[in-house]
Every structure is written in C-alpha cells, then in structure tokens.
Amino acid sequence: MPIHRATAFAPASVGNVGVGFDVLGHAFAALGDRVRASRSRPPGVRIADIQGAAQPLPRETERNTAGMAVQSLWQQLRPDFGVELSIDKGIPRGSGLGGSAASAVAAVVAANELLEAPLAREALLPHAVAGESVASGSPHADNAAPSLLGGLVLVVGPRVCRIPVPAGIRCVLVHPRMALETRAARRILAPAVPLPAFVRQSANLAGVVAGCWAGDLGLIRTALEDVVIEPQRAPLIPGFAAVKAAALAAGAIGCSISGAGPAVFAWCEEGTTAEVLDAMRAAFGHAGLDSDGWTAAIDGDGARIEDRE
Ligand code: HSE
C-alpha cells in the first residue's frame, strides 16, 4: 500500500559547538520543526502551507529550505508523483538553533517515507544540506547531520561520525529575542585564520572530541574555547561576554555561540543546569534582552516520523 501522507519532526541543533566551525554539531530536541509531506498528482515539489513562523518565509520551492531539500531528493530519484509540503515552524528564524536545517531535515524524512523504496537515513543528508544551504549561502552539515541522525556528530567530508557523550552532561541553550541572519554572520568572518589561532583551535577541537570519547570532563573544560569564530561574532550579540562569564561562574563546562547566533549554549554537569540557565538569562536581561531558555540532552534523538497513512 502506498503511503499518502507522512509527518516528520526534526530537532533543533547546536552548530559548531564552539570549536568545530561547520563540522561539529549536536541535536537539541527541546524544540524543532514539523513537516507533513503529501503525495500529489502534479509532479514536482510545492509548499502548501507554513505555520508557526513569526516572520513570513519564502513559499517558492527554490527559496525554501524544506522545498529545496525535497527537490534535491526528487531530482535524484525521479518518482512518478509530486509532493506537497506543510511546514510547522517550532524554531525561531535567525536564532542560531538550526531552524533552516530542521525544516530541510523534517521535509526529506517525511517525503522519503512516501517512496516505494525509501533511502537510508544517512543517504538523506546531502539533500538536507542542499536545502539548508538556501538559507546559509554555503553547504555545511553541522546542523543538518545531528538534526537528522541525533547526538553529537563530527562531519568529515562525506563521512559523519557520531561521538559518544559523557554521562551526566547536558546542554543549556538561551535565545535572546533578536534575530541574526546566518548569511550576514558568515559574511563578517575573516577569510584567513592566523597560524597561532589555527594551532589552538585544532588542539581545542581535538580536545573536545577526545574528552568526549574518554569521558574526561576536565579536558572538555580546557578545550571548549572557540578562539577563531566567537571573537568575530561576539560583537553581534549584545551582552555576550557577560552571558558567557555568568555561565562559567555558575559552573558551566564551556559556553559559546550556538551556530551563527544569537543563541548561546553552555555544556553543564547535570546538577548545575538550572543555575547556569538562570545566570545566562539574567545576564541577557542586564543587556536589555528578554530571552527564552531550554535544557536538553547533547546525545538527543534525531528526526522521527510521527505519523503516516
Ligand atoms: N556552522 C554554521 C555557522 C552554522 O556558524 O555559520 C549556521 O548555519
């Protein structure tokens, strides 16, 4: 029996995790986007509806991350039917929470379910990345890979590698109520990295990954420091230095910008999350920004099918 409709949920994600610009990210399942894909007689991919977006999102397939992700899948597989997408945004636009990637991921996971021979999860990643790049301007998988596959994921060229997360640590995420466009936050980055910063950042990325594998929180604490991207983007986020200082003073293992910002994440030992969250929100408050905050697993689930008929 063919599947006529399928709905998928894809979680938010923390891109970069500070030290892994464009190559390291983790799922954050406290919030996410939902997409329903429905078979249609006309061929091609159409956006039928968008709900939950505070600002209007493009409805043209080519300008919409969900639409482009499914278009990419359809171009590869050429099924003899079309698909209509209904998008329900749970992630604020321009937040640094991986909303563009989550819509793309939820869309390909839902549309894949309609196929007679659905692709395996990992095979959907290039299509989700093709969709996400409509928003960011350049393909990178540090949001799409964890949103699709779950957990903490390192992207190595065409390969993805899930990294074990030490027991007892969680992520606190605070989103100040303002928006930053990813394209703009990428445009300001210097094209070259000074050699000393490259050396430190290499050690820090390796240190976070090694610390996760070894369950060595002390090593993660030392290494979770972005010396390349964070100093360039911090001026875009009012109060960032105070928010980071407050998180670390409240006991966070490390704190940096989530994706392109303005959201800020902190990795914390379980017993400290409430204190860290309050401290970060208070610091944004002192900078004049209201904020929303969440706590979730770093090793959380990736996208899931919620229903199909
Ligand atoms: N790695 C990306 C960036 C995430 O920091 O620009 C946002 O798409």
Side-chain angles (χ1 to χ4, degrees), residues 10-28 31-33 57-58 63-66 68-69 89 91-107 125-149 152-157 160-161 163 171 173-176 178-193 197 201-202 204-205 208-209 224-237 240 244 254-265 298 302:
S13 52
V14 173
N16 305 329
V17 195
V19 290
F21 181 67
D22 280 358
V23 299
L24 185 66
H26 70 77
F28 190 85
L31 65 172
D33 287 357
L57 287 172
R63 294 182 55 226
N64 182 289
T65 66
M68 272 309 281
K89 293 293 296 175
I91 304 173
R93 184 177 184 175
S95 59
L97 301 174
S100 308
S103 290
V105 166
L125 183 59
H127 302 295
V129 171
E132 200 270 342
S133 64
V134 173
S136 64
S138 64
H140 50 268
D142 56 322
N143 287 110
S147 181
L148 180 67
L149 304 170
L152 176 64
V153 178
L154 180 68
V155 181
V156 187
V160 290
C161 176
I163 296 167
C171 181
L173 201 46
V174 177
H175 173 231
M178 59 174 277
L180 274 181
E181 289 303 325
T182 301
R183 274 174 194 270
R186 292 179 79 82
R187 223 179 289 125
I188 61 147
L189 298 176
V193 177
Q201 193 88 338
S202 303
N204 285 351
L205 174 57
V208 168
V209 172
L224 191 38
E225 178 69 24
D226 171 11
V227 298
V228 173
I229 305 297
E230 182 187 300
Q232 300 182 68
R233 285 179 170 169
L236 303 177
I237 305 171
F240 173 77
K244 177 172 177 167
C255 174
S256 189
I257 300 167
S258 176
V264 177
F265 78 94
I298 297 164

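The structure presented is a predicted model; accordingly, all values stated were derived computationally and were not measured. Numbering of ligands and ligand atoms starts at 1, following listing order.
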A student checking ligand 1 against D22 at a 4.0 Å heavy-atom cut-off should list atoms 1 (N), 2 (C), 3 (C)
Ranked by distance from atom 4 (C) of ligand 1, the top protein heavy atom is N143 OD1, 3.4 Å
> Can you find a non-hydrogen atom of G15 under 4.0 Å from ligand 1?
Replying inline: no
The answer for which part of I229 has a heavy atom under 4.0 Å from ligand 1 is neither
Atoms of ligand 1 under 4.0 Å from any heavy atom of N16, numbered from 1 in the order shown, are 1 (N), 2 (C), 3 (C), 5 (O)
*Would you check if V17 and H26 make a side-chain contact, meaning some heavy-atom pair closer than 4.5 Å?*
yes
Based purely on interatomic distance, does T182 place a nitrogen or oxygen under 3.5 Å from a nitrogen or oxygen of ligand 1?
no
- Item | salt_bridge(R187, E181) N-O dist < 4.0 Å | no
Are the side chain of R233 and the backbone of G259 linked by a donor-acceptor contact shorter than 3.5 Å?
-> yes
One finds that the ligand 1 atoms under 4.0 Å from a non-hydrogen atom of D142 are 1 (N), 2 (C), 4 (C)
**Message:** For ligand 1 and R233, I'd like to know whether there is a polar contact (N/O to N/O, distance under 3.5 Å).
**Reply:** yes
Handout entry: Test item: N143 and V105 side chains (from C-beta on) under 4.5 Å apart, heavy atoms
Key = no
The side-chain contact (heavy atoms from CB on, under 4.5 Å) partner of D142 among N16, L24, V14, V129 is N16
Quick note on ligand 1: atoms under 4.0 Å from a heavy atom of R186 include exactly 1 (N), 2 (C), 3 (C), 6 (O)
Q) Okay, side chain of D33, backbone of A10: is any donor-acceptor separation there less than 3.5 Å? A) no
Task: Test item: S13 side-chain N/O and G15 main-chain N/O as donor-acceptor pair under 3.5 Å - done: no
>> Any side-chain to backbone donor/acceptor pair from E132 onto A104? Under 3.5 Å, distance only.
In response: no
min-distance protein heavy atom vs atom 8 (O) of ligand 1 -> H140 NE2, 2.8 Å
One finds that the ligand 1 atoms under 4.0 Å from a non-hydrogen atom of E132 are 8 (O)
Ligand 1 atoms nearer than 4.0 angstrom to some heavy atom of F21 are 3 (C), 5 (O), 6 (O)
